[in-house]
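Okay, so here's the structure we're looking at.
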Amino acid sequence: MANLSIELTAPNGVKYTQPTGLFINNEFVASSKGELIESIDPATESKIAEVHAASEEDVDKAVQAARAALKHESWKHLPGTDRGILMAKLADLLEEQKELFATIDAWDNGKPYSVALSEDLPEAIGTIRYYSGWADKTFGQTISTTSAKFAYTIRQPIGVIGQIIPWNYPLSMAAWKLGPALACGNTIVIKAAEQTPLSILVLATLIKKAGFPPGVVNIINGYGREAGAALVQHPLVDKIAFTGSTATASQIMKMASGTLKNITLETGGKSPLLVFNDCDLEQAVKWSHAGIMSNKGEICTATSRILVQQDIYEKFLEKFKVQVKDVSKVGDQWDSETFQGPQVTRTQYDRILSFIEAGKSEGATVLCGGGAREGKGFFIQPTVFTDVKDTMRIYREEIFGPVVTISSFSTEDEAVDRANDTTYGLGASVFTKDLERAHRVAAEIEAGMVWINSSQDCDFRIPFGGVKQSGIGRELGEAGLEGYTQIKAVHVNMGTKL
Ligand code: ADP
């Protein structure tokens, strides 16, 4: 029997037992083919652990477990209120161990421990807790038609949900997916990203401890092309909920068409941030810096295209440069001074560096940064480009790193047109003190979310998602429940007299 856990000591001294198997039917099992995924500390490039990677056969086992749980009375007939109690318990258990989870995600992903603890964990805990409250509040309607008939609707779970999550917020992305799906009574097979496979397996131990019946939540690691694709194509999976790149989302949509699967997609972005002459400049600089440089720029909603009105353009550049120098401290996950940790993997690091090279060779000016940090680890200097043309790759393509372009504009119409000149439509920011302009621009911008005098606000009570090629459907808030229920209409004939 394979050894399915390993004792680890993180660089901050935290010791814990890391499960390494696939969590199916509330038990850890080995992968059928023995394939493994290696997890790397991006600051040191050394191996943290190896975990089991699901094969197609393993995915099938997980799906069968979820299918059986869906029909099992311990879940099917569990009142919504009791489902909510299980979820609230899960949130409590997560909270009890928040330091451990923050340690694992910092180690595996490269984000500062302090950020994982103060941002990722409250978000994950808050999301599960928020949706625990919805578990007994999703119901249908009674609709009168004629005096002889009426109809009512029931909101039922969709069934077995395949969830595929990315590596930039490992635990909170899992919570965003698990919360609404469980609240609505579905069963789940969730696959973590191969770059960050660790924390979700510790979460699995809490699923069992909280008391969820076997098979309700199955947690697997695995490679996208193998395990991810098998999940998407499995005929007994009713829906796929995906967060990741637009290119992968497009493949998923194609594969899901085979069985006409319901899908929600949360994908890439190249979100604009507009700064008008009449803004509070200090605030604009502070938020626009955070909007791209937080989480190493590995944020789908990152406001990576800054457009500044021409009268204040030079002043904005000066202040932005100072902000990068003062705030963007690059370092490892454990230094409390660190603002920007290492990029998640060598692949991402190389990709970002190649974008920086493209920017230089296409003729943009490097205002600051412009390369890697010397030494071990996937560290990149926060990089700002000016003299950027709207046709350049660094202006058009999602870089997913600490790289931003800052251009100038003259009129509001021009700013809105250029903001919308993209295939993406995830987030957008507008900085102005003019109330009318703020709301006018917010309405005109093609994006799923707009921040007025801010960037990156994200709250489990508020819908999150994109338009255009940034996604389909919404997560979080009440809107997030739509993706996990289906409405059944029941027609009632009251009699034969009419
Ligand atoms: P990135 O390019 O940033 O790594 P991806 O969109 O490729 O992002 O990955 C996000 C998630 O999608 C991961 O869990 C990954 O394993 C999964 N994935 C990647 N390729 C596929 C695929 N062809 N089918 C299903 N899932 C996939």
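In this text the structure is predicted, and so the values were computed from the model without any measurement. Both ligands and their constituent atoms are indexed starting at 1 by order of listing.
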Query raised in the report: Looking only at atom types and distance, does a side-chain atom of Asn109 sit under 3.5 Å from a main-chain N or O of Val344, one as donor and one as acceptor?
Result: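 Not a single qualifying donor-acceptor pair exists.
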
Query raised in the report: Is the closest heavy-atom distance from Phe242 to ligand 1 below 4.0 Å?
Result: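 Phe242: in contact with ligand 1 (<4.0 Å).
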
Requested in this report: Examine ligand 1 and decide if any of its atoms is less than 4.0 Å from a heavy atom belonging to Ala192.
Outcome: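 True for this residue.
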
Query raised in the report: If you count the non-hydrogen atoms of other residues, nucleotides and ligands that lie under 6.0 Å from CD in Glu478, is the total more than 12?
Result: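 Not more than 12 within 6.0 Å, no.
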
**Report entry** Whether over 12 other heavy atoms sit under 6.0 Å from Met255 CE
**Finding:**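 Atom CE in Met255 is packed in, count exceeds 12.
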
Could you check which of [options] puts a non-hydrogen atom nearest to [atom]?
atom: atom 1 (P) of ligand 1; options: Trp167, Phe400, Tyr223; answer: Trp167
atom: atom 13 (C) of ligand 1; options: Leu231, Val344, Ile165, Ile37; answer: Ile165
atom: atom 19 (C) of ligand 1; options: Pro166, Ala256, Gly224; answer: Gly224

Query raised in the report: What's the shortest heavy-atom distance between Ile462 and Leu476, and which atoms?
Result: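 That closest heavy-atom pairing would be O-CB, 3.3 Å.
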
Report task. Look up atom 9 (O) of ligand 1 and tell me if a protein heavy atom lies less than 4.0 Å from it? Result ->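 Not a single protein heavy atom is under 4.0 Å away.
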
Interfacing atoms of ligand 1 (cut-off 4.0 Å, heavy-atom, [X]):
X: Thr248; result: 5 (P), 6 (O), 7 (O), 18 (N), 19 (C), 20 (N), 21 (C), 27 (C)
X: Ile164; result: 11 (C), 12 (O), 14 (O), 17 (C), 25 (C), 26 (N)
X: Gln195; result: 4 (O)
X: Gln251; result: 23 (N)
X: Glu194; result: 13 (C), 15 (C), 16 (O)
X: Ala229; result: 24 (N), 25 (C)
X: Gly228; result: 24 (N), 25 (C), 26 (N)

**Report entry** All salt bridge (Lys or Arg N to Asp or Glu O under 4.0 Å) counterparts of Lys239, not counting sequence neighbours
**Finding:**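 Partners of Lys239 under the salt bridge (Lys or Arg N to Asp or Glu O under 4.0 Å) test: none.
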
**Report entry** NZ/NE/NH1/NH2 to OD/OE distance under 4.0 Å, Lys33 and Glu35
**Finding:**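 Looking at Lys33 and Glu35, the cut-off is not met.
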
Query raised in the report: Do the ring centers of Trp134 and Phe460 come within less than 6.0 Å of each other?
Result: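 Judged by ring-centre distance (under 6.0 Å), Trp134 and Phe460 do not meet the cut-off.
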
Query - Row check, Tyr169 ring normal vs Lys111 NZ/CZ: under 6.0 Å, within 45° - result: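 Satisfied, under 6.0 Å and within 45°.
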
Report task. Scan for ring pair (Phe, Tyr, Trp, His ring centres under 6.0 Å) pairs involving residues 338-372, sequence neighbours excluded, and state none if there are none. Result ->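 Only His289-Phe339, Tyr349-Phe378 qualify under ring pair (Phe, Tyr, Trp, His ring centres under 6.0 Å).
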
Query - Nearest-neighbour protein heavy atom for atom 2 (O) of ligand 1, which is reported as residue plus atom name and distance - result: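 Result: Ser245 OG, 4.0 Å.
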
